[in-house]
Protein chains: 2
Amino acid sequence: MGRTDSKNYHVPFEATLDVIAGKWKTFILYLLRRQPMRTGELRRAIPDITQKMLTQHVRELEADGVIIRTVYKEAPPRVEYEFCEFGQQLYPELASMCEWGKKYNGGVGAEKIIKKIEKNIYTTPIKTSDMIKPQRKFLV
Amino acid sequence: MGRTDSKNYHVPFEATLDVIAGKWKTFILYLLRRQPMRTGELRRAIPDITQKMLTQHVRELEADGVIIRTVYKEAPPRVEYEFCEFGQQLYPELASMCEWGKKYNGGVGAEKIIKKIEKNIYTTPIKTSDMIKPQRKFLV
DNA sequence: CGGGATCCAGAACGATACTG
DNA sequence: CAGTATCGTTCTGGATCCCG
């Protein structure tokens with residue numbers, strides 16, 4: 001994201017996704033979760049990220065109120081990034097997503113169910129009368 | 001996403017994001033959280049979504065092992081989508097993200113911290129000696 | 001009714017060169 | 001060291017038309 005727009009969301013967690021989605025944002029947030037880091041540290045820690053993308057993503061996270069950027073008036077210039085208080089409230093969400101991500105593991109965790117889909121669903125349509133649809137819930 | 005690639009993730013929750021990110025995926029998952037729905041129901045429930053995008057997103061979620069697609073051999077054709085067991089394990093993650101999303105609320109929740117950034121950080125660089133850097137943690 | 005195929009616009013991302 | 005500017009590429013999403 002990056003503020004300026006102010007979108008309308010239809011779903012509660014749409015906003016959350018909008019803030020943390022981006023090719024390198026996950027990595028950046030992950031690295032900053034324990035301690036502040038300066039620009040160069042982040043760049044070296046993230047393989048293949050370019051200076052441009054690092055700056056861009058880190059600025060968007062700042063604009064969204066997740067991290068804080070501190071400029072030290074020194075020579076050579078020094079800039080540090082760290083989670084701010086509002087951003088730290090994301091920790092439970094991130095931790096929670098870690099759990100599922102590990103199960104999924106690039107599709108490995110989903111293999112079983114995918115196989116099941118291929119074998120059963122497409123070849124053997126289920127009769128309506130056979131279907132059980134338990135009510136589910138997970139919250140607002 | 002949509003399987004076929006098998007990416008390498010550097011961060012545990014990168015995979016989770018990859019699966020649920022997409023312009024309409026949040027909405028689709030949100031609608032399916034309580035009961036199965038057929039294609040037309042989803043399309044009518046999601047304003048402005050096109051047939052193409054609905055099919056595409058729903059198929060990717062299926063390929064990622066999150067939802068199941070059931071085809072009923074009837075006339076006219078009837079197709080239903082619902083969370084599968086593996087996908088249901090995402091519920092806590094989604095619920096968790098709802099919480100932060102509500103606080104954020106399109107930037108409103110972040111307003112305070114943004115104001116603080118604009119006022120303090122840019123104009124008054126903090127002396128290194130003044131900075132307190134508590135160790136943080138949120139999990140692997 | 002549900003969905004495939006095409007073509008296209010715009011956003012996201014990347015390579016490179018340059019600045020205080 | 002950190003960041004800006006420009007340009008090119010790639011990828012996502014959308015319009016439109018057609019099919020069983």
Side-chain angles (χ1 to χ4, degrees), chain A residues 1-5 7 10 14 17-28 32 36-64 67-82 121-122 125 128, chain B residues 1-5 7 10 14 17-28 32 36-64 67-82 121-122 125 128:
Chain A
M1 274 257 293
R3 271 350 29 260
T4 14
D5 25 15
K7 299 186 189 175
H10 305 90
E14 212 177 336
L17 271 181
D18 223 20
V19 170
I20 64 180
K23 184 159 181 185
W24 308 100
K25 282 184 187 173
T26 54
F27 212 147
I28 295 169
L32 292 179
M37 291 177 75
R38 40 189 306 190
T39 311
E41 291 177 316
L42 283 171
R43 191 167 36 67
R44 282 186 297 274
I46 305 176
D48 300 332
I49 197 174
T50 60
Q51 175 70 48
K52 177 198 167 189
M53 290 313 296
L54 176 57
T55 303
Q56 182 180 314
H57 278 171
V58 110
R59 289 298 176 84
E60 285 175 7
L61 290 171
E62 183 196 16
D64 282 325
I67 65 176
I68 288 186
R69 174 173 182 270
T70 309
V71 183
Y72 297 89
K73 289 280 164 42
E74 303 173 357
R78 177 177 158 210
V79 178
E80 278 198 357
Y81 299 96
E82 65 185 306
I121 306 301
Y122 286 128
T128 313
Chain B
M1 273 259 293
R3 280 328 55 251
T4 16
D5 26 14
K7 300 186 189 173
H10 304 89
E14 210 176 338
L17 271 180
D18 223 20
V19 171
I20 64 180
K23 184 160 182 186
W24 308 100
K25 283 184 186 173
T26 53
F27 211 147
I28 295 169
L32 292 179
M37 292 178 75
R38 41 189 305 190
T39 312
E41 290 178 317
L42 283 170
R43 190 167 37 69
R44 282 186 296 277
I46 305 177
D48 300 332
I49 196 173
T50 61
Q51 175 69 49
K52 176 200 168 188
M53 291 313 295
L54 176 57
T55 303
Q56 181 180 314
H57 277 170
V58 111
R59 289 298 176 85
E60 287 176 5
L61 290 170
E62 183 196 15
D64 283 325
I67 66 176
I68 288 185
R69 175 174 181 267
T70 308
V71 183
Y72 298 89
K73 290 281 163 44
E74 302 173 358
R78 179 178 158 212
V79 177
E80 278 198 359
Y81 299 95
E82 65 185 306
I121 306 300
Y122 286 126
T128 312

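Convention: sequence-line order gives letters A, B, ...; per-chain numbering from 1. No experiment lies behind these values; they were computed from the predicted model shown.
Here D:dT16 presents its P atom at 18 Å from CD of B:Gln56, a figure rounded to the nearest Å. Rounded to whole Å, atom C1' of C:dA12 lies 18 Å from atom CD1 of A:Ile20. As rounded to whole Å, 12 Å separates atom C1' of C:dC1 from atom CG of B:Leu54. A straight line from CG of B:Asp18 to P of D:dC11 spans 13 Å, rounded to a whole angstrom. For B:Lys23 and C:dG10, the NZ to P distance is 13 Å, given to the nearest whole Å. Between the CD1 atom of B:Ile49 and the P atom of C:dG2 there is a distance of 13 Å, rounded to whole Å. As rounded to whole Å, 15 Å separates atom C1' of C:dC13 from atom CD1 of A:Ile46. Distance A:Met53 CE to D:dT10 P: 16 Å, rounded to the nearest Å.
Within the 4.5 Å cutoff, the side chain of B:Lys23 has no heavy atoms near those of the B:Met53 side chain.
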Would you tabulate the pairs of protein nitrogen or oxygen atoms and nucleotide nitrogen or oxygen atoms of nucleotides 2-5 of chain D closer than 3.5 angstrom?
{"from": "D:dA2", "atom 1": "OP1", "to": "A:Arg38", "atom 2": "NE", "distance (Å)": "3.1"}
{"from": "D:dA2", "atom 1": "OP1", "to": "A:Arg38", "atom 2": "NH2", "distance (Å)": "3.3"}
{"from": "D:dA2", "atom 1": "OP2", "to": "A:Gly40", "atom 2": "N", "distance (Å)": "2.8"}
{"from": "D:dG3", "atom 1": "OP1", "to": "A:Arg59", "atom 2": "NH2", "distance (Å)": "3.3"}
{"from": "D:dG3", "atom 1": "OP1", "to": "A:Arg69", "atom 2": "NE", "distance (Å)": "3.0"}
{"from": "D:dG3", "atom 1": "OP1", "to": "A:Arg69", "atom 2": "NH2", "distance (Å)": "2.7"}
{"from": "D:dG3", "atom 1": "OP1", "to": "A:Tyr81", "atom 2": "OH", "distance (Å)": "3.0"}
{"from": "D:dG3", "atom 1": "OP2", "to": "A:Thr39", "atom 2": "OG1", "distance (Å)": "3.3"}
{"from": "D:dG3", "atom 1": "OP2", "to": "A:Tyr81", "atom 2": "OH", "distance (Å)": "3.4"}

**Request:** Test salt bridge (charged side-chain N to carboxylate O under 4.0 Å, His left out) on A:Arg43 and A:Glu41 and set out the steps.
**Result:** CA-CA 5 Å; A:Arg43 191 167 36 67; A:Glu41 291 177 316; over 6 Å; no
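Contact check on B:Lys25 versus B:Glu60 returns a salt bridge, with a Lys/Arg side-chain nitrogen under 4.0 Å from an Asp/Glu carboxylate oxygen.
Nearest heavy-atom pair across B:Ala45 and B:Phe27 is O-CZ, 3.8 Å. Closest approach of A:Leu61 and A:Val19 over heavy atoms only: CD2-O, 3.7 Å.
For the pair B:Arg69 and B:Tyr81, the cation-pi criterion (under 6.0 Å, within 45° of the ring axis) is not fulfilled.
For D:dT12, neither phosphate oxygen OP1 nor OP2 lies less than 4.0 angstrom from any side-chain nitrogen or oxygen of B:His57.
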